[in-house]
Amino acid sequence: LMSDTTPGGNTDDPEAPAPERTGDPLVELRQVNKHFGALHVLNDITMSVQAGEVVVIIGPSGSGKSTLAQLAAGLIGPTVGEVRLAPGARSIVFQEAFLSSGTVRDNVELGASYTDDEIWDALGQAAATEFVQRLPQQLDTVVGERGVSLSGGQRQRLALGRALVREPSVFLFDEPLSNLDAKLRHQTRGELKELHARVGTTSVYVTHDQEEAMTLGTRVVVMKDGV
């Protein structure tokens, strides 16, 4: 069962107009099926993501939501059906922030090259400026294997800054807050909402948390058993 709802809409008035969506979608899936061997993970999925939307995919474990998001990001292809992706970069923030043992700069650039101003701007959008400025060598501080010298929230902010500096056309967030404690999860959720309001990011956001879905989503896709 895949249903599509708009948080904050006027559900009391059946005549209320739906939010207007204009232009070609940045992501479009048409009658998509995804199989891994004999396991049918997604069945006949059709959905689209317009510029400026935050489409939240919510469902229980095993419902196919992460697979759907990976298709939307172009990480994997469908077994059957069609996935259309508009040109442009895509950035991904996973549940676990993957950091190298190098510096803050190394982890933001990840093999690319950016100016200090570009890195600081991205860190600012990710609400990471304050803690990075307190580090001994700031951008050139070594964070240790897997970012061991940083807290869970700091690692996730750094991963978000790494995604933002690339100025992607679409973000993919795969349960990025699930490993944080309740207080930090609430704080970071608010920062992500502010980021969308400020920058107008287009995002596909995977979660199992209903409050998170209704707080962040401009649209919510509810999944169960691959549909």
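Phe171 and Phe173 have parallel rings, their planes meeting at less than 30° on a 0 to 90° scale where 60° marks the start of perpendicular.
The salt bridge (Lys or Arg N to Asp or Glu O under 4.0 Å) pairs that include a residue from residues 80-107 are Glu82-Arg84, Arg105-Asp116, Arg105-Asp140, where partners are two or more places apart or lie in different chains. Sorted by first and then second residue, the pairs that involve residues 119-130 and meet salt bridge (Lys or Arg N to Asp or Glu O under 4.0 Å), not counting sequence neighbours, are Glu130-Arg134.
Proximity of Val170 to Val27: side-chain heavy atoms (C-beta onward) are separated by under 4.5 Å at one or more points.
The only member of Leu42, Val206, Val204 that meets side chain to side chain contact (heavy atoms under 4.5 Å, CB included) when paired with Leu68 is Leu42.
Environment of CD in Gln210: sparse, with no more than 12 heavy atoms of neighbouring residues, nucleotides or ligands closer than 6.0 Å. By the 6.0 Å contact criterion, CD on Gln187 is enclosed, its count of non-hydrogen atoms from other residues, nucleotides or ligands being greater than 12.
Evaluation of the salt bridge (charged side-chain N to carboxylate O under 4.0 Å, His left out) rule for Glu109 yields no partner, not counting sequence neighbours. Listed by chain and residue number, His40 satisfy the ring pair (Phe, Tyr, Trp, His ring centres under 6.0 Å) test with His35 (two or more places apart in sequence, or in another chain). Annotation: side chain to side chain contact (heavy atoms under 4.5 Å, CB included) contacts of Glu211 (sequence neighbours excluded): Arg189, Asp209, Thr215. With sequence neighbours left out, the ring pair (Phe, Tyr, Trp, His ring centres under 6.0 Å) criterion links Tyr114 to no other residue.
Taking all atoms of both residues into account, the shortest heavy-atom contact from Gln138 to Trp120 is OE1-CZ2, 3.5 Å.
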